[in-house]
Amino acid sequence: MSIRNKSFTSVDNLSDEDIKTIFHRADVFKKLGAEKKSFKQAFSLNTEQDLNALLVFIEPSTRTRISFEMACNNLGIHPVLFSDVQGSSIVKGESLEETFRTLKFLNPSLIILRYKGSPFQFDDTVPVVNGGFGSYEHPTQALIDVFTIQSAQEKAQGRNVLILGDVLHSRVSNSNLKLLKRLGAEVAFCSPSSLFPKDDLWKGIKCFENINEGLKWADVVMCLRIQQERHDISIGLSLAEYRDQYHLGAEQLKFLKESAVILHPGPCIFGVEMSMDVLKDSRSFISAQVTNGVFIRSAVLSLVLDFKWTFD
Ligand code: CP
């Protein structure tokens, strides 16, 4: 099991060695970025081959799409974007599966895919990287989150991580649960009962009914957006009621340890999940998550395309 020359659709695809390699490469890219140096000096490029990445983004995105595009540019991979569904043959009735099959015949070096559905089967003729699949998984976001935790708290092992909010619809929390457990962290969640996760993955995971109790326990609090676009039925409470019980603001921050780390994968609806004050709190690493996106996604692409690493 490894993502070298293979599709990367789930945290389950990563070997332990892959995880170590991605964090190491992301560290190197972070240092090179801080020194305003080219990422290309970390590996030797095969100049006989032009590399291109097809970014198929048929669900909205800001951070993931732009950071993957920047990662491609930093690594010498040409990014080609497919996001204009209304301008594509999908509006003429072509199915998503057929569109995808067609795009593969263009022979990109890899495809980065964000879409609403559950994963359909991918062979490895063209590696596919998950850029966020519906409510299934978002593995590169989990790598970013753990990298950010480790840069603040040295290691994820032994840390208590509280996931707060709409866990039921969150691909980010599914990938984080898998990755954090593998790295020896303790995970718990706090959300309205209508947004409790249903997947077997979450069986036996600790649940806090009261946000303040969860915050006292946590070394890391990971807030999630309320994904109203995925709510088929009412969640049983209004946004105002949700805010009263699950909002992270100045009052709730008093319960959080001084050494804690606050995360949000974004996009964040300020005034609902958290107040703007949280961004100014020294425990907030939300901006660092965005910045780390380029380093982690560069590391992931360099591994999937099996770049010859020369920096060690
Ligand atoms: N975290 C995340 O996936 O953000 P975007 O939807 O902006 O890509």
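Counting starts at 1 for both ligands and their atoms, in listed order. Just so we're clear, the structure is a prediction, and the values are computed from it rather than from any experiment.
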N130 side chain to S10 main-chain N or O, any donor-acceptor pair under 3.5 Å? no
Where the closest heavy atom to atom 6 (O) of ligand 1 is concerned, which of R65, R114, R63 has it? R114
Between R243 and E273 (salt bridge meaning N to carboxylate O under 4.0 Å), is one present in this structure? no
Would you call the rings of F133 and Y115 parallel, tilted or perpendicular, taking 30° and 60° as the class edges? perpendicular
Contact check: P267 vs ligand 1, nitrogen or oxygen atoms, below 3.5 angstrom: no
Considering only heavy atoms of T62, which atoms of ligand 1 have at least one such atom less than 4.0 Å away? 5 (P), 7 (O), 8 (O)
To the nearest 0.5 Å, how far apart are NZ in K181 and CG in N176? 13.0 Å
Among all protein heavy atoms, pick the one closest to atom 1 (N) of ligand 1 and tell me residue, atom and distance. P265 O, 2.9 Å
If the threshold is 4.0 Å, N to carboxylate O, is there a salt bridge linking E35 and K37? yes
Mark up the atoms of ligand 1 that fall under 4.0 Å of a heavy atom belonging to Q141, in ascending order. 1 (N)
Within the 4.0 Å heavy-atom shell around T64, which atoms of ligand 1 are there? 2 (C), 3 (O), 4 (O), 5 (P), 8 (O)
Result of checking K155, R159, K257 against D219 for salt bridge (charged side-chain N to carboxylate O under 4.0 Å, His left out): K257
Would you check whether G266 reaches within less than 4.0 Å of ligand 1, judged by its heavy atoms? yes
